[in-house]
Protein chains: 2
Amino acid sequence: MFIFYTFVKKNMFNSPACKNCQFKSAAAKFLNEDELGNLENNCAEIELKKGDMIFKQGILSSNIVYLKKGIVKFYIEGLYKEQIIKIAKGPIYLGIPTTFDEKYNRYSATAIAKSNACFIDIDTFKEFVQNNGNFAYEIIVELCRNEINLFHKYINRTQKNIRGRVSDALIFFSEIIYESDSYKLPLTRNEFGNYIDTTRESISRILTEFNKEGIINLEGKKIEILNKKQLKMISKNG
Amino acid sequence: MFIFYTFVKKNMFNSPACKNCQFKSAAAKFLNEDELGNLENNCAEIELKKGDMIFKQGILSSNIVYLKKGIVKFYIEGLYKEQIIKIAKGPIYLGIPTTFDEKYNRYSATAIAKSNACFIDIDTFKEFVQNNGNFAYEIIVELCRNEINLFHKYINRTQKNIRGRVSDALIFFSEIIYESDSYKLPLTRNEFGNYIDTTRESISRILTEFNKEGIINLEGKKIEILNKKQLKMISKNG
DNA sequence: AATATTTTGTGATATAAAACACAATTTTTG
DNA sequence: CAAAAATTGTGTTTTATATCACAAAATATT
């Protein structure tokens, strides 16, 4: 596994063309010509393969990462085992919480699909926050949304049984991540279990059940949702 | 129960003296004379009794609340039951996530001890974010810390057994909330159970166990921690 | 102070999901 | 391409914790 130790300084890599970037974040849309120039000079774009680590818990944090496109998992080394706490797709900023006020990363992030990421020097990013109110505003909006989503995810995890949680995850991949009823799971059964706080065995069993019940079409990691209405019922009532 | 429907407009109440406030937030310390004057005119201070609601899920959100002192619980109406998602003490901003980008509150907050809260008009707050980089910066720092704490709390909830979670909660109240080894729990057994995802019966049982084992001294809601080392052991190993 | 209501403690029972075990399949590697 | 490693499916057993039941205690209400 390739680990990208995230130290990016002025012109360390070829600068991307931030000014004409097709994937500008809501915040970056408020940057003026000068600021975008500054960003270009303090930012490096990287292509990530599935499995590439983006930042690692415990390591000195020095960049904010803007994931232009792709899918990532966030995870924490817990007491006994690693735990996936979030799966997200670009465009999105990664690691603002773990970089902004922390010396060392408090969690890790790894690409779980081919992705494009821009590593932005933290001081440059902070400059924008300090000097561009609209930029700061949009960053706050994104952080607020994250917190609310996390609250609701937390409730779901504790108030639903496994069938409900598996349903939720299948719908999440369908509606949020892939925007399609059929997709290839980016996780092993083990990781899937970890993600929704259960075991690989339970995941296997539930997916087989859903397959037999005609709710999904299952073929290894390939999932096709046949009866989304039913899946949403199960999400609510277990 | 008193519900304070949070609409605060210019001079609706007697203005507090923000300029000389002893409890200024890290962010507010960066406000200049003019801005503090503006804050005074768009802010109302309220004394809250135990049980007073601060804002309510589903209701139009129009204020950021700054809890100068006191203790609050945040909770969400889940699928089947209400769930406490967080307990915090002042000084702290409440409801930035639920107010900043949301029309309606996505969760509720209630005082669980005598508290003092300032209801700040959301537009005034947003003005500060837009025009004062240092203010925005500090708000971002607070939001980032919240997210990381939430991640770690989430891990604890899923990787620990009930004894471990009860230990965690007892330590949390001791070290974070009351800063003392003896305190009066601000929750019923039922709420305590809800807070750490278990039942009132389990809470009763575990507290009785801890009492018998000489780890705590238990008398109704009064808790005295006798052996914190042991409690921390249990927090780790169940 | 007396009554009603809520909260709490604790034993007995039920149950969902974890853990275990092992074979089958798929993927990775040399 | 063959061997090794990792992943997956499924039956059986175990276990932690929820649920149920009911009395005792504490708190709130009149």
Side-chain angles (χ1 to χ4, degrees), chain A residues 1-2 49-52 78-84 112 156-170 184-213 216-223 234 237-238, chain B residues 1-2 49-51 78-84 112 156-170 184-213 216-223 234-235 237-238:
Chain A
M1 184 190 284
F2 161 76
K49 293 188 307 297
K50 185 176 174 153
D52 285 347
L79 287 159
Y80 310 110
K81 55 171 186 178
E82 201 174 286
Q83 174 126 14
I84 299 173
I112 56 174
N156 280 347
R157 289 298 147 80
T158 55
Q159 294 193 5
K160 289 181 180 178
N161 68 8
I162 299 190
R163 278 172 67 92
R165 302 209 300 277
V166 172
S167 295
D168 271 353
L170 293 178
K184 198 167 155 283
L185 275 175
L187 305 172
T188 65
R189 298 288 189 271
N190 202 27
E191 288 174 308
F192 194 162
N194 184 297
Y195 177 51
I196 63 166
D197 302 324
T198 185
T199 57
R200 61 165 197 86
E201 292 95 326
S202 293
I203 296 289
S204 268
R205 266 186 259 276
I206 306 291
L207 288 179
T208 308
E209 274 174 37
F210 286 179
N211 191 40
K212 277 182 188 154
E213 291 165 21
I216 62 170
N217 201 320
L218 178 68
E219 213 187 309
K221 290 201 168 59
K222 271 190 276 180
I223 303 263
I234 295 171
N237 310 313
Chain B
M1 183 189 286
F2 161 75
K49 292 188 306 296
K50 185 175 172 153
L79 287 158
Y80 311 109
K81 56 170 185 177
E82 201 174 286
Q83 173 127 15
I84 299 173
I112 56 173
N156 280 348
R157 289 298 146 80
T158 54
Q159 293 194 5
K160 288 180 181 176
N161 67 9
I162 299 190
R163 279 173 66 92
R165 303 209 299 277
V166 172
S167 295
D168 272 353
L170 293 178
K184 198 167 155 282
L185 274 176
L187 305 172
T188 64
R189 297 288 189 271
N190 202 28
E191 288 175 307
F192 194 161
N194 183 297
Y195 177 50
I196 64 165
D197 300 325
T198 184
T199 58
R200 60 165 198 84
E201 291 95 330
S202 292
I203 297 289
S204 268
R205 267 186 260 272
I206 306 292
L207 288 179
T208 308
E209 275 175 36
F210 285 180
N211 191 40
K212 278 183 188 154
E213 292 166 20
I216 62 170
N217 200 319
L218 179 68
E219 212 186 309
K221 289 201 169 58
K222 272 190 277 179
I223 303 262
I234 296 171
S235 156
N237 310 313

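In this text the structure is predicted, and so the values were computed from the model without any measurement. Protein chains get the first letters and strands the later ones, always in sequence-line order, with residue 1 at the start of each.
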According to a strict under-4.0 Å criterion, is B/Thr208 in side-chain N/O contact with OP1 or OP2 of C/dT10? yes
Checking all strands, does B/Asn211 fall into the base, sugar-phosphate, or nothing category for heavy-atom contacts under 4.0 angstrom? nothing
Using the side-chain heavy atoms of B/Thr198, tell me which of these nucleotides is nearest: D/dA18, C/dA17, C/dT10. D/dA18
Selected nucleotide, minimal atom distance to B/Lys221 side chain, candidates C/dA17, C/dT10, C/dT7: C/dT7
So, A/Glu219 and A/Asn211: side-chain donor and acceptor under 3.5 Å apart, yes or no? no
Could you please name the option among D/dT7, D/dT17, C/dT8 that lies closest to any side-chain atom of B/Asn161? D/dT17
Given C/dT8, D/dT8, D/dG11, identify the nucleotide with an atom nearest to the side chain of A/Arg205. D/dG11
Whole-Å gap separating C1' (D/dT7) and NZ (A/Lys184): 13 Å
Could you check which of D/dT17, C/dA21, C/dT8 has an atom nearest any side-chain atom of B/Arg200? C/dT8
Nearest-angstrom distance from the residue atom CG of B/Asp197 to P of D/dT19: 12 Å
Of the nucleotides D/dA21, C/dA18, D/dA18, which one has an atom closest to the side chain of B/Glu201? D/dA21
How many Å lie between CG on B/Leu185 and P on C/dG9, as a whole number? 11 Å
Less than 3.5 Å between a donor and an acceptor, one on the side chain of A/Arg189 and one on the base of D/dG9, is that the case here? no
So what does B/Ile162 touch, heavy atoms closer than 4.0 Å: a base, only the sugar-phosphate, or nothing? sugar-phosphate
Backbone N/O of B/Lys160 and side chain of B/Arg165: donor-acceptor pair under 3.5 Å: yes
Between A/Lys222 (NZ) and D/dT8 (P), how many Å, whole number? 15 Å
When all nucleic acid strands are considered with a 4.0 Å heavy-atom cut-off, which category describes B/Ser204: base, sugar-phosphate, or nothing? base
Taking OP1 and OP2 of D/dA18, is either one under 4.0 Å from a side-chain nitrogen or oxygen of B/Ser202? yes
Please give me the minimum heavy-atom distance between B/Thr158 and A/Gln83, naming the atom from each residue. OG1-OE1, 3.4 Å
Here the distance between atom P of C/dT7 and atom CG of B/Leu207, to the nearest Å, is 16 Å
Atom CG in B/Leu170, atom CD1 in B/Ile223: separation rounded to 0.5 Å? 5.0 Å
Atom CG of A/Asn194 to atom P of D/dT7: distance rounded to whole Å? 13 Å
Would you kindly give the CG-to-C1' distance between A/Asn190 and C/dT27, to the nearest whole Å? 15 Å
Rounded to whole angstroms, how far apart are CZ on B/Phe210 and P on C/dT10? 15 Å
For A/Leu185 and A/Arg189, work out which heavy atoms get closest and say how close. CD1-NH1, 4.2 Å
